[in-house]
Amino acid sequence: MTTPPLHDSNKLPPATISEDEGVRYLHLGTSWIQGAMRLSKPNAIELEYVQNMMAWLLFVDQPAHIAQLGLGCGALSKFSYHHFPDTHITAVELNPAVIETARTHFLLPSNNGRFNVLQMDAQDFVHNTANHGTLDVLQIDLYDENADGPVFDSPEFYQACADCLSDTGIMTTNLFGNFGCHEKNIDAIQEAFDATAWLPPVDDENMIAIAFKQAPSIDFGDLFRRAAYIRKTTGLYAKSWVIGLQNWMREQT
């Protein structure tokens, strides 16, 4: 999760941390959890909804470029950095305190030849035509300190996200909020993407939407086999994603 587009750093909330039962949490000056890391497994993804953001793995094997909008504690970017050594990873975060805290308290790697954290507004990133067509995967978790709903939720924003993807690119985004928030965002995403699905809410109603630049051909037998491979190679319980997609498909008929 990240902060709203306020370019005056004095108006951005502080990044604070807490620890409980071996897990370190990131906050933005409130009790809302903006990220988590189990101290004994610093490169794993602790929160289930954040794991669900990786559901693109069912459809993309070896992405060349992944971008994350909203750094949080860096769990997604750090996980990808360690599991996909040939992948370029870009993270976009407006709040410099979040970036610093992710590096000092959550073991986020320093910028290097294939890992880059940009301190900038996520909306500026997706509207920059230099980024259009460059991403295989785009992951979005953009929330302010109040966590009322996604910071950006307009059709124009999601169209710019789609523009950043390659022809076969996939976006996953967290839609934490009330039903009206879900409905508004899904309507906007469906305007911009060829196909959209979503997984059942977890972790206090965090719902992950999966949006495809081009609608995929889905064979659930193949997806279950792919899920078993993901489980073996990354430890992620990908079978739950396939079951979630099956349930979503039943609900649409």
Side-chain angles (χ1 to χ4, degrees), residues 41 43-69 75-90 114 133-141 158-159 161-175 182 185-203 205-253:
K41 298 179 179 179
N43 294 326
I45 301 176
E46 176 66 18
L47 299 176
E48 185 178 3
Y49 92 86
V50 183
Q51 293 182 23
N52 286 354
M53 294 277 285
M54 298 291 298
W56 54 263
L57 274 169
L58 292 171
F59 305 94
V60 180
D61 188 15
Q62 289 293 330
H65 191 180
I66 300 171
Q68 170 72 28
L69 306 184
L76 283 168
S77 296
K78 186 171 56 175
F79 183 88
S80 293
Y81 180 73
H82 287 283
H83 281 277
F84 308 111
D86 297 322
T87 299
H88 182 75
I89 297 148
T90 301
R114 67 179 188 89
T134 66
L135 305 177
D136 300 295
V137 174
L138 179 61
Q139 301 171 140
I140 306 175
D141 197 8
Y158 286 118
Q159 181 59 59
C161 292
D163 291 341
C164 287
L165 292 171
S166 64
D167 289 343
T168 57
I170 298 176
M171 178 186 79
T172 57
T173 184
N174 182 29
L175 301 181
H182 291 173
N185 280 268
I186 286 173
D187 286 347
I189 293 169
Q190 287 177 329
E191 281 190 38
F193 288 83
D194 196 27
T196 305
W198 48 91
L199 298 176
V202 296
D203 294 336
E205 300 305 306
N206 288 274
M207 186 179 81
I208 304 305
I210 310 168
F212 302 87
K213 190 76 172 282
Q214 294 181 358
S217 173
I218 293 181
D219 180 310
F220 280 104
D222 288 344
L223 290 185
F224 276 115
R225 285 187 287 274
R226 175 70 182 160
Y229 175 78
I230 294 168
R231 175 68 170 173
K232 180 179 179 180
T233 56
T234 71
L236 296 172
Y237 187 59
K239 183 178 179 180
S240 67
W241 308 337
V242 183
I243 294 170
L245 289 173
Q246 280 186 320
N247 293 336
W248 172 83
M249 188 167 285
R250 292 190 190 103
E251 291 171 1
Q252 307 311 303
T253 58

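Computed from heavy atoms alone, side chains included, the values below leave out hydrogens, waters and symmetry copies. Position 1 is the first residue of the sequence; numbering continues from there.
- A distance of 10.0 Å separates CD of Gln139 from OG1 of Thr173, quoted to the nearest 0.5 Å.
- Side-chain contact between Thr90 and Ile66: absent, with no pair of heavy atoms (C-beta onward) separated by less than 4.5 Å.
- The minimum heavy-atom distance linking Ala75 with Ile45 is given by the pair O-CG1, 4.2 Å.
- Under the 4.0 Å criterion applied to side-chain N and carboxylate O atoms, Asp61 and Arg226 are assigned as salt-bridge partners.
- For the residue pair Asp136/His65, the side-chain donor-acceptor check at 3.5 Å is not satisfied.
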Test side-chain contact (heavy atoms from CB on, under 4.5 Å) on Phe193 and Met171 and set out the steps.
CA-CA 9 Å; Phe193 288 83; Met171 178 186 79; 3.7 Å; yes
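- Put simply, the side chain of Lys239 reaches to within 4.5 Å of the side chain of Tyr237, judged on heavy atoms.
- Side-chain contact, Gln159 with Asp163: a donor N or O sits under 3.5 Å from an acceptor N or O.
- The number of heavy-atom neighbours closer than 6.0 Å to CZ of Phe220, taken from other residues, nucleotides and ligands shown, is above 12.
- Looking at every heavy atom in both residues, Ala227 comes nearest to Val242 through CB-CG2, 3.9 Å.
- Among the candidates Ser166, Cys161, Cys164, the single residue satisfying the side-chain contact (heavy atoms from CB on, under 4.5 Å) test with Leu135 is Cys164.
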Please step through side-chain contact (heavy atoms from CB on, under 4.5 Å) for the pair Ile210 and Thr196, ending with a clear verdict.
CA-CA 6 Å; Ile210 310 168; Thr196 305; over 6 Å; no
Thr168 vs Phe212, test: side-chain contact (heavy atoms from CB on, under 4.5 Å). Steps then yes/no.
CA-CA 7 Å; Thr168 57; Phe212 302 87; over 6 Å; no
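- Using a 4.5 Å heavy-atom cutoff, the side chains of Met207 and Ile186 are in contact.
- Distance alone, capped at 3.5 Å, places no donor-acceptor pair between the Lys213 side chain and the Asp167 backbone.
- Taking Asp194 as the reference, nothing meets the salt bridge (charged side-chain N to carboxylate O under 4.0 Å, His left out) condition, with sequence neighbours excluded.
- The closest side-chain heavy-atom distance from Asn174 to Ile140 is not below 4.5 Å.
- Taking both residues in full, the closest heavy atoms of Gly244 and Pro200 are given as CA-CD, 3.8 Å, listed atom of the first, atom of the second, then distance.
- Two residues are said to be in side-chain contact when any heavy atoms from C-beta on lie closer than 4.5 Å; Leu199 and Leu245 meet this criterion.
- Considering only heavy atoms from C-beta on, Phe79 comes within 4.5 Å of Leu236 through its side chain.
- Put simply, NE2 on His82 and OG on Ser77 are 11.0 Å apart, with the number rounded to the nearest 0.5 Å.
- The one candidate from Thr234, Val137, Leu76 that meets the side-chain contact (heavy atoms from CB on, under 4.5 Å) condition with Met54 is Leu76.
- Every residue two or more places apart in sequence or in another chain that forms a salt bridge (charged side-chain N to carboxylate O under 4.0 Å, His left out) with Arg225 is listed here: Asp222.
- Here the OG-CG distance, from Ser80 to Asn43, works out to 11.5 Å after rounding to the nearest 0.5 Å.
- Looking only at side-chain heavy atoms (C-beta outward), Leu175 and Ile208 stay at 4.5 Å or farther from each other.
- For the pair Pro216 and Ala195, the tightest heavy-atom approach, listed with the atom from each and the gap, is CD-CB, 4.4 Å.
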Yes or no on side-chain contact (heavy atoms from CB on, under 4.5 Å) for Trp56 and Leu138, after CA distance, side-chain angles and deciding distance?
CA-CA 9 Å; Trp56 54 263; Leu138 179 61; over 6 Å; no
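- A cation-pi arrangement is present between Arg114 and Tyr81 under the rule of less than 6.0 angstrom and at most 45 degrees off the ring axis.
- Trp241 and Gln51 share no side-chain donor-acceptor pair at under 3.5 Å.
- One finds the CG atom of Leu47 at 11.5 Å from the CE atom of Met53 (value rounded to the nearest 0.5 Å).
- Ile89 is not listed as a side-chain neighbour of Phe84, based on a closest heavy-atom distance of 4.5 Å or more.
- Using a 30° and 60° split on the angle between ring planes, Trp248 and Trp198 fall in the perpendicular class, above 60°.
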